[in-house]
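The chains referred to below are lettered A, B, ... by the order of the sequence lines, with proteins before strands, and numbering in each begins at 1.
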Protein chains: 2
Amino acid sequence: MRKLASTNFENQKRLESLCGLPHAMEVLKGRWKVNILWSISLGNKRYGEIKKDIGFISEKMLTQRLRESEADGLIIRKDFQTIPPHVEYYLTEIGTDLIPVLDQLCKWGYKARNKNDKEISEH
Amino acid sequence: MRKLASTNFENQKRLESLCGLPHAMEVLKGRWKVNILWSISLGNKRYGEIKKDIGFISEKMLTQRLRESEADGLIIRKDFQTIPPHVEYYLTEIGTDLIPVLDQLCKWGYKARNKNDKEISEH
DNA sequence: CATTATACGTACTTTATTGTATGTACCCTA
DNA sequence: TAGGGTACATACAATAAAGTACGTATAATG
């Protein structure tokens with residue numbers, strides 16, 4: 001739960017008003033979000049598929065992050081209203097737009113990791 | 001401080017081993033990091049300049065994040081060894097490579113924010 | 001008739017991050 | 001000689017995120 005009257009919260013708002021970057025980071029933050037979005041972009045639609053794809057995410061985390069990404073407008077939740085339940089998740093337009101950026105970030109991440117590992121092992 | 005034997009920690013490591021994306025997010029996480037890096041990329045070199053540029057970051061946060069980004073290999077700290085102290089921060093090569101990606105992310109962030117605001121105000 | 005599968009919800013504990021307050025050592029300027 | 005600037009460090013309190021354990025309803029399967 002967010003505490004609306006804390007400096008913590010205020011600082012985040014102030015940052016987000018400065019430029020788009022903090023908003024982007026806010027929307028992507030948390031351990032699992034980018035992986036969930038990525039997984040959906042690869043064609044995993046159902047809760048169970050995403051869970052299996054990531055492998056070791058807890059059900060609580062998955063549900064929570066999916067809800068947040070839905071609220072942020074990145075994904076759409078389609079409930080087939082059946083029993084047992086059948087739900088599918090899709091990227092929205094803005095969610096889809098994010099994927100190439102994540103791809104860039106991923107490539108950078110590889111480079112950064114290798115570079116740093118190398119430098120550390122040189123000692 | 002990180003607790004090395006927690007599931008929390010282990011999960012992060014597991015994710016990072018999967019692809020470059022979690023590593024990138026790990027390196028950029030926290031409220032202030034991307035703004036600090038951005039500020040340096042704009043030409044702010046000194047501690048005080050970065051602090052003034054962001055405006056409302058506490059000194060503790062700034063120091064802490066600078067140290068982390070240095071450990072992650074994104075920036076270099078050049079201490080002029082004078083009294084009163086004079087220190088300058090520069091982006092490394094890999095740190096510089098990140099800037100265009102952050103720029104993309106920033107643009108996406110604007111779009112995502114506007115889109116979401118609009119949809120919310122339509123209710 | 002017990003198990004598995006679906007997609008969650010809720011209460012609780014553990015870990016991690018962020019913020020606040022204060023102190024440091026020295027220099028320069030008024 | 002009092003105050004401001006430089007670039008931090010440290011102890012502590014407040015807040016947020018992540019993980020654990022357990023429970024739900026129903027249907028199909030063995």
Scan B:Ser6 against the nucleic acid and name what it touches under 4.0 Å (heavy atoms): base, sugar-phosphate only, or nothing.
-> sugar-phosphate
Under 4.0 Å between a side-chain N/O of B:Arg31 and OP1 or OP2 of C:dT17, yes or no?
-> no
A:Arg65 side chain N/O closer than 4.0 Å to the phosphate oxygens (OP1, OP2) of D:dA18?
-> yes
State whether the number of non-hydrogen atoms from other residues, nucleotides or ligands found under 6.0 Å of A:Lys111 atom NZ is greater than 12.
-> no
Calculate the interatomic distance between A:Leu62 atom CG and D:dA18 atom P; express it in whole Å.
-> 13 Å
May I ask you to decide whether A:Arg113 forms a salt bridge with B:Glu16, counting only side-chain N to carboxylate O separations under 4.0 Å?
-> no
Contact class for A:Phe80 vs. all strands (heavy atom < 4.0 Å): base, sugar-phosphate, or nothing?
-> nothing
Looking only at side-chain N and O atoms, does B:Arg77 come under 4.0 Å of OP1 or OP2 in D:dC8?
-> yes
Whole-Å gap separating P (C:dC12) and CG (B:Asn8) = 21 Å
For B:Arg46 and D:dT6, is the shortest distance between a side-chain N/O and OP1 or OP2 below 4.0 Å?
-> no
Between B:Tyr47 and D:dA9, is there a side-chain N or O to OP1/OP2 distance below 4.0 Å?
-> no
Check every strand shown and say whether B:Phe56 touches a base, only sugar-phosphate, or nothing at a heavy-atom separation below 4.0 Å.
-> nothing
Any donor-acceptor N or O pair under 3.5 Å, side chains B:Gln104, A:Gln104 = no
Rounding to a whole Å, what distance do you find between B:Asn11:CG and D:dG19:C1'?
-> 8 Å
Could you check how far CZ of A:Phe9 sits from P of C:dG19, rounded to whole Å?
-> 13 Å
A:Lys60 vs D:dG19: side-chain N/O to OP1/OP2 distance below 4.0 Å | no
Scan B:Glu26, B:Glu68, B:Glu70 and name whichever one has a salt bridge (charged side-chain N to carboxylate O under 4.0 Å, His left out) with B:Lys33.
-> B:Glu68
Select one nucleotide: of D:dT6, D:dA9, C:dC8, the one nearest the side-chain heavy atoms of B:Pro85.
-> D:dT6
Short side-chain N/O contact from B:Arg67 to OP1 or OP2 of D:dA9, under 4.0 Å = yes
Of A:Glu26 and B:Gly48, the one whose closest nucleotide on DNA chain D sits nearer the 5' end is B:Gly48
Choose from D:dC8, D:dT26, D:dT6 the nucleotide whose nearest atom is closest to any side-chain atom of A:Pro84.
-> D:dT26
Within this structure, what is the CE-to-P distance between A:Met61 and D:dA16, rounded to whole angstrom?
-> 15 Å
Rounding to a whole Å, what distance do you find between A:Gln64:CD and C:dA7:C1'?
-> 15 Å
Mind calculating the distance between CG (B:Leu28) and P (C:dT17) to the nearest angstrom?
-> 14 Å
Is B:Lys52 paired with B:Glu49 through a side-chain N to carboxylate O contact shorter than 4.0 Å?
-> no
For the pair B:Lys13 and B:Glu10, find out whether any cationic side-chain nitrogen is under 4.0 Å from an anionic carboxylate oxygen.
-> no
With a 4.0 Å cut-off on heavy atoms, is B:Lys29 in touch with a base, just the backbone sugar-phosphate, or nothing at all?
-> sugar-phosphate
Separation of D:dA18 C1' from A:Glu59 CD (nearest whole Å) = 15 Å
NA contact type, A:Thr7, heavy-atom cut-off 4.0 Å: base, sugar-phosphate, or nothing?
-> sugar-phosphate
